[in-house]
Amino acid sequence: MVLLENDSFLTELTRLFQKCRTSGSVVITLKKYDGRTKPVPRKGHLESFEPADNKCLLRASDGKKKISTVVSTKEVIKFQMAYSNLLRAHMDGLKKKDKKSKSKKTKATQ
């Protein structure tokens with residue numbers, strides 16, 4: 001997994017969307033990140049770890065290539081605006097659900 005800066009993450013995410021436009025999918029995860037690089041110690045060892053500020057960890061993968069970035073609280077609004085514009089631009093290939101007609105439902109209940 002490659003940890004990128006916010007702007008380069010968005011450009012790489014655009015490339016992933018373009019590559020998977022015809023077939024394939026892109027999986028994006030978002031979670032709270034406290035800055036730890038090591039696992040939480042067991043109950044016997046007390047280590048006080050106070051995160052400086054809240055951060056978000058974003059990961060994206062197309063099954064082969066994985067990218068990630070960490071967004072700090074200062075950059076959240078700027079990143080969120082750019083990220084939402086990117087999602088709006090590339091979510092046009094979604095399939096619509098098939099709506100079942102009411103006549104089929106009434107026949108099944110009778």
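Here the structure is a predicted model, which means the values were calculated and not measured.
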Tell me the closest heavy-atom pair linking [X] and [Y], and the distance in Å.
{"X": "S68", "Y": "R59", "result": "CB-CG, 3.9 Å"}
{"X": "R21", "Y": "A89", "result": "NH2-O, 4.2 Å"}
{"X": "N54", "Y": "T73", "result": "O-CG2, 2.8 Å"}
{"X": "K55", "Y": "S72", "result": "CG-CA, 4.2 Å"}
{"X": "S25", "Y": "C20", "result": "O-SG, 4.0 Å"}
{"X": "K64", "Y": "D62", "result": "N-OD1, 3.1 Å"}

Distance (rounded to the nearest 0.5 Å) between [X] [atom1] and [Y] [atom2]:
{"X": "K74", "Y": "I77", "atom1": "NZ", "atom2": "CD1", "result": "13.5 Å"}
{"X": "M81", "Y": "L86", "atom1": "CE", "atom2": "CG", "result": "13.0 Å"}
{"X": "K31", "Y": "C56", "atom1": "NZ", "atom2": "SG", "result": "11.5 Å"}
{"X": "H90", "Y": "N85", "atom1": "NE2", "atom2": "CG", "result": "10.5 Å"}
{"X": "D34", "Y": "D53", "atom1": "CG", "atom2": "CG", "result": "11.0 Å"}
{"X": "T29", "Y": "L57", "atom1": "OG1", "atom2": "CG", "result": "6.5 Å"}

Measuring only between side-chain heavy atoms, which start at C-beta, is [X] closer than 4.5 Å to [Y]?
{"X": "I28", "Y": "L13", "answer": "yes"}
{"X": "E12", "Y": "K65", "answer": "yes"}
{"X": "F9", "Y": "V71", "answer": "no"}

**Message:** Starting from V27, can I reach Y83 by hopping between I/L/V/M/F/W/Y residues whose side chains sit under 4.5 Å apart?
**Reply:** no

**Asked** Do you see a donor-acceptor pair shorter than 3.5 Å between the side chains of N6 and T69?
**Response** yes

**Item:** Atom CD of E5 with >12 non-hydrogen neighbours under 6.0 angstrom
**Value:**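 12 or below, so no.
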
**Request:** Step through the shown structure and confirm whether more than 12 heavy atoms of other residues, nucleotides or ligands are within 6.0 Å of CE on M1.
**Result:**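 Yes.
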
